[in-house]
A.B. asks: 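For reference, the structure I am asking about is given below.
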There are 2 protein chains.
Amino acid sequence: MNAATFKERLKEKGCKLTTQRRGILDVLIENCDKHLSTEELYALVKERYPEIGLATVYRTVQLFEEMGIIDKLYFDEGCSRYELSHQEEHHHHHLICSKCNKVFEVENDLLAEIEAHIQDKYRFKVTNHKVTFYGHCEACSKNI
Amino acid sequence: MNAATFKERLKEKGCKLTTQRRGILDVLIENCDKHLSTEELYALVKERYPEIGLATVYRTVQLFEEMGIIDKLYFDEGCSRYELSHQEEHHHHHLICSKCNKVFEVENDLLAEIEAHIQDKYRFKVTNHKVTFYGHCEACSKNI
DNA sequence: GTCCATGCAAAAGTTTTGCAGGGTA
DNA sequence: TACCCTGCAAAACTTTTGCATGGAC
C-alpha cells in the first residue's frame with residue numbers, strides 16, 4: 001500500500017497519518033509472510049523508531065484491524081498474532097504442526113462450497129472465515 | 001461419561017478422581033451446548049462447590065484437554081473457551097455473527113475433501129482442525 | 001502412608017486505560 | 001489552533017506457579 005492510499009483510508013476514519021502508523025505498516029508489509037505477535041511487531045518497529053511505545057502498537061493494530069488492513073489470528077498461545085489481510089482472495093488456511101509448532105500457509109478455495117452450503121442451510125451470510133488444521137508436517141512425519 | 005470410565009481414564013494418566021474434577025466434568029456435560037470460558041466454568045462449579053479455587057479450574061481444563069475430553073476454542077476475546085470434545089466425528093464448525101456475537105454450531109463434513117487435498121499436496125498429515133465462519137446470522141440479516 | 005491435588009496468594013504475561021505533552025492538519 | 005496521537009506508567013485481566021494443607025488410593 002502506498003502512502004497516499006494509506007493516508008486516504010485513515011482520513012476516512014478521521015485518523016491522522018503519523019510516523020508510528022506508517023512505520024508499523026511498513027514492518028507489516030515487509031513481513032507479510034509472517035504472523036507477528038504484538039510484541040514481535042513492537043520489537044521490529046523499535047529497531048527503526050526506538051522511542052515508540054508498546055501501547056501505540058496495541059492501539060495501532062486495533063485500528064488496522066478495524067480498517068481491514070490486517071487480520072487477527074489465534075493460535076495456541078497467550079497472545080494474538082496478525083497478518084496482512086488477504087482481502088477478497090481470502091482463501092488461505094493455516095497448518096500447525098503439533099510437533100515443531102511451525103505454522104504453514106496454504107492456498108485453497110474449496111471452502112467456497114462449504115460457505116454456500118452454510119448460507120443455504122442456516123441462512124447465515126458468511127463474510128469471512130478462519131481455518132486452522134493441526135497435524136504433522138512432512139519433516140516431523142519422517143522423524144517419528 | 002460415567003464415573004467409572006472417567007476414573008479409569010484419569011488412572012491411565014496417573015491422576016486421581018477428585019470431587020472437583022468430577023464436579024467440573026458434570027458442569028461441562030450439563031452445558032455441552034455451550035462454549036464456556038474458564039471464568040464461567042468456575043462460576044458454575046462454585047455454585048455447587050463454593051470452596052473451589054480458580055486455579056483448580058485452570059489446572060483441570062488443561063488436564064481435560066490433554067485427555068481429549070474437551071477442546072480449546074479461540075474466539076475474538078481475551079480468554080479461551082472450551083467445549084466437550086466431539087471425538088471422532090469432529091466435523092462441526094462455528095459461525096460467529098459479527099453483529100450480535102452469538103456463536104452457532106453447524107454440522108458439516110465437506111472438510112474431509114480439503115484435508116485429503118492438503119495431505120496430498122503439502123505432505124501434511126491432518127489430525128484435527130478448527131474452523132470458524134464470520135458473518136451475519138438470520139436474525140441480524142433481517143434487521144440491517 | 002504416600003503422593004497427588006487443592007486453595008490461597010503471589011507472580012507473570014498480555015492488553016487496556018489515564019493523562020500530560022507533542023504533532024498533524 | 002483544535003484535536004488527535006503518543007509515550008509512560010499504572011491498572012486490569014487472564015493464566016501460571018509456589019507452597020503448605022488436605023484428600024484419594
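In what follows, every chain begins at residue 1, and chains take the letters A, B, ... in the order their sequences are listed.
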A.B. asks: On DNA chain D, compare the nucleotides closest to Q62(B) and K11(B); which residue's is nearer the 5' end?
C.D. replies: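 Nearest nucleotide further toward 5': that of Q62(B).
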
A.B. asks: With no hydrogens and no angle check, is any side-chain donor or acceptor of R123(B) less than 3.5 Å from a backbone partner on E138(A)?
C.D. replies: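 No, the answer is negative, given that no donor and acceptor are paired below the 3.5 Å cut-off.
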
A.B. asks: Is the phosphate of dC4(D) approached by T18(A) (side-chain N or O, under 4.0 Å from OP1 or OP2)?
C.D. replies: no

A.B. asks: Would you indicate, yes or no, if dT15(D) has its OP1 or OP2 atom less than 4.0 angstrom from a side-chain nitrogen or oxygen of S80(B)?
C.D. replies: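 Affirmative; the distance criterion is met.
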
A.B. asks: If you assign L54(A) and V57(B) each to the DNA chain C nucleotide with the nearest heavy atom, which residue ends up on the more 5' nucleotide?
C.D. replies: V57(B)

A.B. asks: Checking all strands, does K7(B) fall into the base, sugar-phosphate, or nothing category for heavy-atom contacts under 4.0 angstrom?
C.D. replies: sugar-phosphate

A.B. asks: What is the distance, to the nearest angstrom, from the CD atom on E39(A) to the C1' atom on dG13(C)?
C.D. replies: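 These atoms are roughly 9 Å apart.
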
A.B. asks: Name the closest nucleotide to the T38(B) side chain, picking from dC8(D), dT15(D), dT17(D).
C.D. replies: dT15(D)

A.B. asks: To the nearest Å, give me how far apart CE (M67(B)) and P (dA5(C)) are.
C.D. replies: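 Distance check: M67(B) CE to dA5(C) P gives 11 Å.
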
A.B. asks: In whole Å, I'd like the distance from the CG atom of L63(B) to the C1' atom of dT15(D).
C.D. replies: 16 Å

A.B. asks: To the side chain of E51(B), which of dG23(D), dG7(C), dT6(D) is closest?
C.D. replies: dG7(C)

A.B. asks: Can you measure L41(A) atom CG to dT14(C) atom P for me and round it to whole angstrom units?
C.D. replies: 14 Å

A.B. asks: Can a side chain N or O of Y58(A) be found less than 4.0 Å away from OP1 or OP2 on dT16(C)?
C.D. replies: no

A.B. asks: Counting only side-chain nitrogens and oxygens, does Q20(B) get under 4.0 Å of the OP1 or OP2 atom of dG7(C)?
C.D. replies: yes

A.B. asks: Counting any heavy atom closer than 4.0 Å, what does R59(A) reach on the DNA or RNA strands: base, sugar-phosphate only, or nothing?
C.D. replies: base

A.B. asks: May I have the distance from L10(B) (atom CG) to dT6(C) (atom P), rounded to whole angstrom?
C.D. replies: 10 Å

A.B. asks: Starting the side chain at C-beta, find the nucleotide from dC3(D), dC8(D), dT14(D) nearest to A55(A).
C.D. replies: dC8(D)

A.B. asks: Quick check: on DNA chain D, is the nucleotide nearest P50(A) upstream (toward 5') of the one nearest G78(B), or the reverse? Name the residue that is more 5'.
C.D. replies: P50(A)

A.B. asks: May I ask you to decide if V61(B)'s main-chain N or O and K72(B)'s side chain share a donor-acceptor pair within less than 3.5 Å?
C.D. replies: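 No: the side chain of K72(B) does not pair with the backbone of V61(B).
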
A.B. asks: Grab the NZ-P distance between K46(B) and dT6(C) for me, whole Å please.
C.D. replies: 14 Å

A.B. asks: Nearest whole Å is fine: how far is dA9(D) P from I52(A) CD1?
C.D. replies: 16 Å

A.B. asks: Anything under 30° is parallel, anything over 60° is perpendicular, the rest tilted; go ahead and classify H117(A) against Y122(A).
C.D. replies: perpendicular

A.B. asks: Which residue, F75(B), Y134(B), F104(B), forms the ring pair (Phe, Tyr, Trp, His ring centres under 6.0 Å) with H94(B)?
C.D. replies: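 Answer after filtering F75(B), Y134(B), F104(B): F75(B).
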
A.B. asks: Report yes or no: does Q119(B) contribute a side-chain atom to a donor-acceptor pair with the main-chain N or O of V126(B) at less than 3.5 Å?
C.D. replies: yes

A.B. asks: Are the side chain of R21(A) and the backbone N or O of K16(A) linked by a donor-acceptor pair below 3.5 Å?
C.D. replies: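 Pair found, side chain donor or acceptor close to backbone of K16(A).
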
A.B. asks: Rounded to the nearest Å, what distance is computed from the CZ atom of residue R22(B) to the P atom of nucleotide dC4(C)?
C.D. replies: 23 Å

A.B. asks: Is any side-chain N or O of T56(B) closer than 4.0 Å to OP1 or OP2 of dG7(C)?
C.D. replies: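 Yes, T56(B) has a side-chain N/O under 4.0 Å of OP1/OP2 on dG7(C).
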
A.B. asks: Under 4.0 Å between any heavy atoms, over every strand shown, what does L17(A) touch: base, sugar-phosphate, or nothing? Just pick one.
C.D. replies: sugar-phosphate

